[in-house]
Amino acid sequence: MVQKTVRLTMAQALVRYLAAQFVEIDGQKIRFCAGGFGIFGHGNVTCLGEALYEHKEELPLWRGQNEQSMAMAAVGYAKQQLRRRFMFATSSAGPGTTNLLTSAGIAHTNRLPLLMLAGDAFVTRLPDPVLQQVEHTNNPGLSVNDAFKSVTRYWDRITHPAQLLQSLPAAINTLVDPADCGPVFLGLPQDVQGWAYDYPERFFEAKTHYLRRQMPDERELHVAADALKTAERPLIIAGGGVQYSLATAEMTDFAHRHRIPVVETIAGRANLVHSDDLNCGPIGVTGSNSANNLAKDADVILAVGTRLQDFTTGSWTAFAEDAQIVTVNVGRHDAAKHLSTPVVGDAKLTLPALSDVLGSYVSPSGWLEQAAKERADWSVYLEDNTSPVTKDGSNRPLSYAQVIGAINDICHAEDRVVAAAGGLPAEVTANWRTKSTGSVDVEFGFSCMGYEIAGGWGARLGQMEKNPDRETIIFVGDGSYMLLNSDIYSSVLSGAKMIVVVCDNGGFAVINKLQNNTGNESYNNLIADCKLAVEPFAVDFESHARAMGANAETVHSIADLQDAFGRARQSDRTYVISLKVDAFEGWTQEGHTWWEVGTPQVTNSERVRKAHEDWEAGRAPQRKGV
């Protein structure tokens, strides 16, 4: 039998293969790749650009303003889609490619699908050295593209068109796999992109992928259940993996059947709605008194879909030394951390199975009463913390918490919230009262400044597919805004309306707070404390946003903010609301665990020395590897 073939360039074959990959979502078959973001240069325009043009309807291409923000938008899209769909980002060679590195770090840390298609040097080396090539005289095959090996789940350089027959399926399998999901990098040498090959026609037949669900091992289930049955003070830590498994309903059912209090990680915010009587708040460094007090007293902890990073564990000081940790995770590596009792399996399948083995077990009434009191006390604190006036009626300086509370009060339950680095992730995590599951995206795995607006653009593109009437709300500080804001322009061009709330506190105020808390003087964080040639001044964020095509206004009070939010809802395009908040007053003071940071053992400052001693004293309850 003669195998039917089709002659295509490598670039044409790559794009055609992507267009033939589908995924089943809610009973419907839809393209796994939703398109991509691209900035063309000599490394990708002539061949890959030609191929993308031929498939512009199936794989729409959005032109970004910066390669880093394009890939961040792809990450934000994947998050909004709960990893069930992905987008690619394509760059030219050299600096265009290295701009993608930071975004690859976000995707890798957060276990999110991202496909990067980057130009590379010529395989033949006939024109060497070429424009934007970084030469290594002792290793001529090395390029800046090799830098991505540390921040990708799958990395390959396509040195011959036939290589796609193996590389593309491996790449797609990485993007769709729940345990190994993460960024994929394909280096595309400029000459090889245009080389032709006779590909088997079968290679391009439509293929439908499904969310793989791994059943847990029966023995691991029983060991975990035995541990939980002994618990007098059990606690569930719900991570982001609960949402990626589409298991929020199973998590809620499990908690209520066994009456076990639930606390959430940063990535796991919005696993439960705020009104759920077992939702005891966020845990860890950016957490709540309610969650952290319960974590400190818990004797058995069921951690579901979480990496247990240091902001969750308080650098492993948040739990009692003898507390037993049971993990449910689809990733073997995450399930076995710190000598925990692992159950490797998909949360949607594992939680009901574990519940069946656990039987009629419920938490002791005394523990539930303690949890209820902690939850009530935290709610009282939140009410006061987000209020613009004190209990005696005095006006407070404007703060992040007040801004968050004001928007939270009037937003729709299904509006999506996006935040990232700086002080806002902590304040959103602590103060946002979830109205619907899966509605919060706080990027704090890589803690990446600049994600807010770019990731929000991608999230909005995803939200528009099924829920266009709801809003994507971006909380961003002035520091992150200044770092990366050009996708305000992108959002207007693409019709992907966002509401961006810019909280201007005059610099990098949260790091200034850490600087002060460790005994150091304010230096090089707030604009006023930097080396300047002129008097410090603020950016006119309203005018800046208007210059990029957005509607914008500046407000000066919480009441004005809420009025402006109403106007933003009615806007036909991205709407930016700017206001000043205090750099020193109004931070959420309760709910923080200890966090390990390096402090000087030797110093000329008495304040720094004292802060070092105090900081090290907090290490006493730290669990050493267990």
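The first residue of the sequence shown is numbered 1, and numbering continues consecutively from there.
Side chains of D156 and Q163: a donor on one and an acceptor on the other come within 3.5 Å. N512 and S522 form a side-chain donor-acceptor contact under 3.5 Å, judged by distance and modelled atom types alone. When only modelled atom types and interatomic distance are considered, S491 and T574 share a side-chain donor-acceptor pair under 3.5 Å. With 3.5 Å as the limit, one finds no donor-acceptor pair spanning the side chains of N44 and S91. There is no side-chain donor-acceptor pair under 3.5 Å between T312 and R307. A donor-acceptor contact closer than 3.5 angstrom links the side chains of E452 and S480. If you check the side chains of S103 and Q68, you find no donor sitting under 3.5 Å from an acceptor. Between the side chains of D487 and S69, at least one donor N or O lies within less than 3.5 Å of an accepting N or O.
Taking the charged nitrogens against the carboxylate oxygens, E465 and R85 do have a contact shorter than 4.0 Å, which makes a salt bridge. Comment: R84 does not engage E24 in a salt bridge, judged by the lack of any side-chain N to carboxylate O separation of less than 4.0 angstrom. With respect to D177 and R153, no salt bridge is recorded, no charged nitrogen being found less than 4.0 Å from a carboxylate O. Of the charged side-chain nitrogens involved, none lies within less than 4.0 Å of a carboxylate oxygen, so that D346 and R212 do not count as a salt-bridged pair.
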Output a table of donor-acceptor pairs, distance under 3.5 Å, between side-chain atoms of residues 194-206 and any protein atom two or more places apart or on a different chain; print 'none' if there are none.
unit_1	atom_1	unit_2	atom_2	d
W195	NE1	D191	O	3.3
D198	OD1	R7	NH1	3.3
Y199	OH	P161	O	2.7

Without placing hydrogens or testing angles, list every side-chain donor-acceptor pair under 3.5 Å for residues 28-42, not counting sequence neighbours.
unit_1	atom_1	unit_2	atom_2	d
R31	NE	A19	O	2.8

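A distance of 4.0 Å separates CE of M548 from CD1 of I488, quoted to the nearest 0.5 Å. The CE atom of M116 sits 11.5 Å away from the CG atom of L188 when rounded to the nearest 0.5 Å. Rounded to the nearest 0.5 Å, atoms OG1 (T97) and CZ (F148) are 6.0 Å apart. Atom CE of M498 and atom CZ of R573 lie 13.5 Å apart (nearest 0.5 Å). Note: I473 CD1 to I577 CD1 = 9.5 Å, rounded to the nearest 0.5 Å.
For F508, the CZ atom sits in a loose shell: 12 or fewer heavy atoms of surrounding residues, nucleotides or ligands are nearer than 6.0 Å. Residue-environment remark: CE (M482) stays at or below the threshold of 12 foreign heavy atoms within 6.0 Å. Around atom NZ of K4, no more than 12 heavy atoms belonging to other residues, nucleotides or ligands sit under 6.0 Å away.
The main-chain N or O of P95 is found under 3.5 Å from a side-chain atom of T98 such that the two form a donor-acceptor pair. Remark: the backbone N or O of T429 is paired with a side-chain donor or acceptor of R269 at under 3.5 angstrom. The main-chain N or O of I106 is found under 3.5 Å from a side-chain atom of N110 such that the two form a donor-acceptor pair.
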Exercise for the section: Could you walk me through whether T599 and T518 pass the side chain to side chain donor-acceptor pair (under 3.5 Å) test, one step at a time? Expected result: CA-CA 7 Å; T599 54; T518 52; over 6 Å; no

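The two residues L164 and A13 make their nearest non-hydrogen contact at CD1-CB, 3.9 Å. Heavy-atom minimum distance, Q193 versus L48: OE1-N, 3.2 Å.
Partner of E471 under the side chain to side chain donor-acceptor pair (under 3.5 Å) criterion, out of K497, R416, R460, Q463: K497 alone.
H108 and F446 have their aromatic ring centers separated by at least 6.0 angstrom. The six-membered or imidazole ring of F185 lies away from that of Y154, with a centre-to-centre distance of 6.0 Å or more.
The salt bridge (Lys or Arg N to Asp or Glu O under 4.0 Å) pairs that include a residue from residues 63-81 are K79-D441, where partners are two or more places apart or lie in different chains.
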